[in-house]
Number of protein chains: 2
Amino acid sequence: MKMSDRKKKILQIVVDEYINTAVPVSSKSIAEKHLTDVSSATVRNELASLEELGYLTQFHTSGGRVPSPQAYRFYIEELMEKGNLSDNDLDYIERAFSEKSGDVEHLIKNVSRVISELTDYTSVAIGPHTDEEKIRNLALLACGDGKALLVIVTGSRILRDSFIDIPESMSDEELSNASHVISKLFEGKALSEVKEVGAEVLDEFSQYRQVMSEVIDALKSYTRPRDEDVVLTGADKIFKHPEYEDIDNVKNFLTVISSKDRLAEIIGDEDDEIQINVKIGSTGDAEVPDDCSVVTATYSAGGKNLGTYGVIGPIRMDYTKVITVLENVGKALEELVGNKLKDKKDDTKHE
Amino acid sequence: MKMSDRKKKILQIVVDEYINTAVPVSSKSIAEKHLTDVSSATVRNELASLEELGYLTQFHTSGGRVPSPQAYRFYIEELMEKGNLSDNDLDYIERAFSEKSGDVEHLIKNVSRVISELTDYTSVAIGPHTDEEKIRNLALLACGDGKALLVIVTGSRILRDSFIDIPESMSDEELSNASHVISKLFEGKALSEVKEVGAEVLDEFSQYRQVMSEVIDALKSYTRPRDEDVVLTGADKIFKHPEYEDIDNVKNFLTVISSKDRLAEIIGDEDDEIQINVKIGSTGDAEVPDDCSVVTATYSAGGKNLGTYGVIGPIRMDYTKVITVLENVGKALEELVGNKLKDKKDDTKHE
DNA sequence: TGTTAGCACTCTCTATGTTCAAGTGCTAAC
DNA sequence: GTTAGCACTTGAACATAGAGAGTGCTAACA
């Protein structure tokens, strides 16, 4: 059976209406409010056919129709109309990003907060993959007790740190020296390149062999996100949506968001090529729970990955609003970081 | 009216029974199961009198009695019997703390996880107050762009970091020098002492005046906890308890735990002298929601504050179990950190 | 004076039945 | 292909009745 234009139109009406009202849509309301040139009986026939095609379901015979996950996917692909943000919302974004941004961690939190506030959904964010980040600076700080703190600063000011073991006999001076040597060695290298540091380098710096190998191990572990890299904002926003009057849905939701690992999997495993990614219900490949949708955007500016941001909420999500917000925040972010990059270039020129 | 021994006994039975079953307790069940030498009518009289004293309430006339917050407080003060952990639980604690502990952040997470697992409640933890921590090491790392990363390592390996502005003209060498000078200056000082660094010191190091003052500002901000210092574990554990079949309770709970600031206030504002602290329902002074209890313990070892740990859950909480777990975890922690301190002393001796 | 048996009373919970409105599917006519 | 009309299904809302649980009160008892 083919999807006639009228079928598409009706499907769009059903999805729009259901997203707005959370009430199953009846043939009568469609015929009266949106398709005044045909009768409800005609709509009824079309609805029955859309149901057969898998786009609609009903809870019970006299309950009106509700879109299936398949319908939402179709809606996003073909039916959805691009929205615009209100002036209020645009202002809000501008103001949020006008302050001195500070480091990336603050930026991530800020972006996540803005997205949650504007969409009224729970926002999840994860910082950029650190694989390709270039090491800008590296230091070893003595902590006593045979331990040292390894601190790394990378290009986009991502900071990672961890404790490593050092020989107890090593003095503060020696550590400081080692720190300098190792820093010089890795400066400008990407984290992913560290893996390829061979034994010959270790030999070359035989004096610091043990420390060096500890450092390399630590650097290697930096490729996967830490708990702290996953930011969750506005968990209580779910109560703004009627599906979470049902305790089972809340249970499900809270269980998912209470594990940062799971969150990272849900929003982190996408292709970097895709700008906006929508996962609706259980898609087989994803870990998204049956009754949830996740919409994420991966931002980048000046060739630099800036992390993945998105919302998690009920399948009946206001996709238009969410996607519009994500796009606008993306633009603002690009501008912000873009300007910063430009400033920097100017600085270089002046030197 | 005085509290006779029998009243106390009956109150204890009611609280114990209600904690275990979550079902209002009837005079009949008390007389049959626990006080076989008197009739249910007698118990009924006592219950009525306990209700008049404010210890018991009933949802409706034929619903049995339920302890009031006042009853729980009295129970904890006077009636509760100390419990013992099962061998399983003790094993669990031992295993959890046997691994190489790494830094304090990991330790906090670990402790929080153990507490949540053993009690089946949501655990909240907050790291030690950093005020009195002595600065062990301090470094400034260039990030380019007129920014530098300030990293602090303190005595118990608490790590703090933040970005500060530096003069654009400052070279890496100069920064490195400044870093050394400032590090030497503050080494061994407590964070709280930094506040008292006067202008004369700034003048003395006039060369690094701007950087120094930025560093001091940053250090001053370290006294209040960051979001990352508040650890929440096992939020989904609440669904193990029947009070959270009620959506309103869940709403309340989720709203509280979704703000780290509020959590920090709830568990962080207690007197350091008190080892175990119980807040039941709204006590006026506390921000604990009406229908929640918070039990916390502040740990320390070798004179060192190790942070505050606890659980948040329904008022009908298994206080015996929770307090027993907190005490045992405290002991294990003390042993762990105590041994570490001892090792360190031994090392010093060998030198 | 404290304890007890007995009983009326209150309240919840469950099952049951009834009615109402909403929405559909189907059929026959256009 | 479209439509009007109608029978059918279902859930929601409401009233009713009976069972069960637990209490408070009273009067009798030790």
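Computed over heavy atoms, backbone and side chain alike; hydrogens, waters and symmetry mates excluded.
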Show me, pair by pair, the donor-acceptor contacts under 3.5 angstrom made by side chains of residues 31-41 of chain A, not counting sequence neighbours?
from, atom 1, to, atom 2, distance (Å)
A:K33, NZ, A:E17, OE2, 3.2
A:S39, OG, A:A41, N, 3.3
A:S39, OG, A:T42, N, 3.4
A:S39, OG, A:T42, OG1, 3.3
A:S40, OG, A:R44, NH1, 3.4

With a cut-off of 3.5 Å and sequence neighbours excluded, list every side-chain donor-acceptor pair involving residues 74-84 of chain A.
from, atom 1, to, atom 2, distance (Å)
A:Y75, OH, A:D16, OD1, 2.5
A:E81, OE2, A:Q12, NE2, 3.3

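Shown here are the side chain to side chain donor-acceptor pair (under 3.5 Å) partners of B:R6, two or more places apart in sequence or in another chain: B:E46. The side chain to side chain donor-acceptor pair (under 3.5 Å) check on A:K260 picks up nothing, with sequence neighbours excluded. For A:Y319, the side chain to side chain donor-acceptor pair (under 3.5 Å) partners are A:S293, not counting sequence neighbours. B:K28 is linked by a salt bridge (Lys or Arg N to Asp or Glu O under 4.0 Å) to nothing, counting only residues two or more places apart in sequence or in another chain.
Put simply, CD1 on A:I30 is 11 Å from P on C:dG23, counting in whole angstrom units. As a whole-Å value, the separation of A:L56 CG from C:dG23 P is 15 Å. In this structure, B:L47 atom CG and D:dC25 atom C1' are separated by 15 Å, rounded to whole Å. The separation between B:K33 atom NZ and D:dG22 atom P is 10 Å, rounded to whole Å. At whole-Å resolution of the value, CD in A:E32 and C1' in C:dG23 are 12 Å apart. As rounded to whole Å, 15 Å separates atom C1' of D:dT23 from atom CD of B:E52. The nearest whole Å value for the distance from the CD1 atom in B:I10 to the C1' atom in C:dG2 is 13 Å.
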Write down the protein N/O and nucleotide N/O pairs, taken from nucleotides 28-30 of chain D, whose separation is under 3.5 Å; answer none if there are no such pairs.
none

Where do N or O atoms of nucleotides 2-4 of chain D meet protein N or O atoms at under 3.5 Å, pair by pair?
from, atom 1, to, atom 2, distance (Å)
D:dT2, OP1, A:R6, NH1, 3.0
D:dT2, OP2, A:R6, NH2, 2.9
D:dT3, OP2, A:S39, N, 3.1
D:dT3, OP2, A:T42, OG1, 2.4

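Within a heavy-atom distance below 4.0 Å of DNA chain D, no residue of residues 12-20 of chain B is found.
Residue A:T61 places none of its side-chain N or O atoms closer than 4.0 Å to OP1 or OP2 of D:dC8. Dashed line: the shortest gap from a side-chain N or O of B:S26 to OP1 or OP2 of D:dT23 is not under 4.0 Å.
Contact check for B:K321 versus B:D89: side-chain heavy atoms found under the 4.5 Å cut-off. Between B:L11 and B:L56 there is a side-chain heavy-atom pair separated by less than 4.5 Å. A:L85 places a side-chain heavy atom less than 4.5 Å from the side chain of A:I93. For the pair A:F239/B:L254, a side-chain contact is recorded, criterion being any heavy-atom separation below 4.5 Å from C-beta on. The closest side-chain heavy-atom distance from B:V114 to B:E117 is not below 4.5 Å. Between A:D291 and A:F253 the shortest side-chain heavy-atom distance does not fall below 4.5 Å.
To the nearest 0.5 Å, atoms OG1 (B:T324) and CG (B:D318) are separated by 8.0 Å. Atoms OH and CE, from B:Y55 and B:M3 in turn, are 4.5 Å apart once rounded to the nearest 0.5 Å.
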How would nucleotides 12-20 of chain D be written as a contact map, 5' to 3', with B for base contact, S for sugar-phosphate-only contact and - for no contact, using protein heavy atoms under 4.0 Å? ---------
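Checked against C:dG25, C:dC11, D:dG24, the side chain of A:R65 finds its nearest nucleotide in C:dG25.
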Dot-bracket summary - DNA chain C, pairs being Watson-Crick or G-U whose distances fall under 3.5 Å, with | when paired to another strand: ||||||||||||||||||||||||||||||
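For the side-chain hydrogen bond (donor to acceptor under 3.5 Å, both in side chains) condition, the pairs that include at least one residue of residues 238-250 of chain B, sequence neighbours left out, are B:E243-B:R316.
Although no hydrogens or angles enter the test, the distance criterion places no donor-acceptor pair under 3.5 Å between the side chain of B:T296 and the main chain of B:T308.
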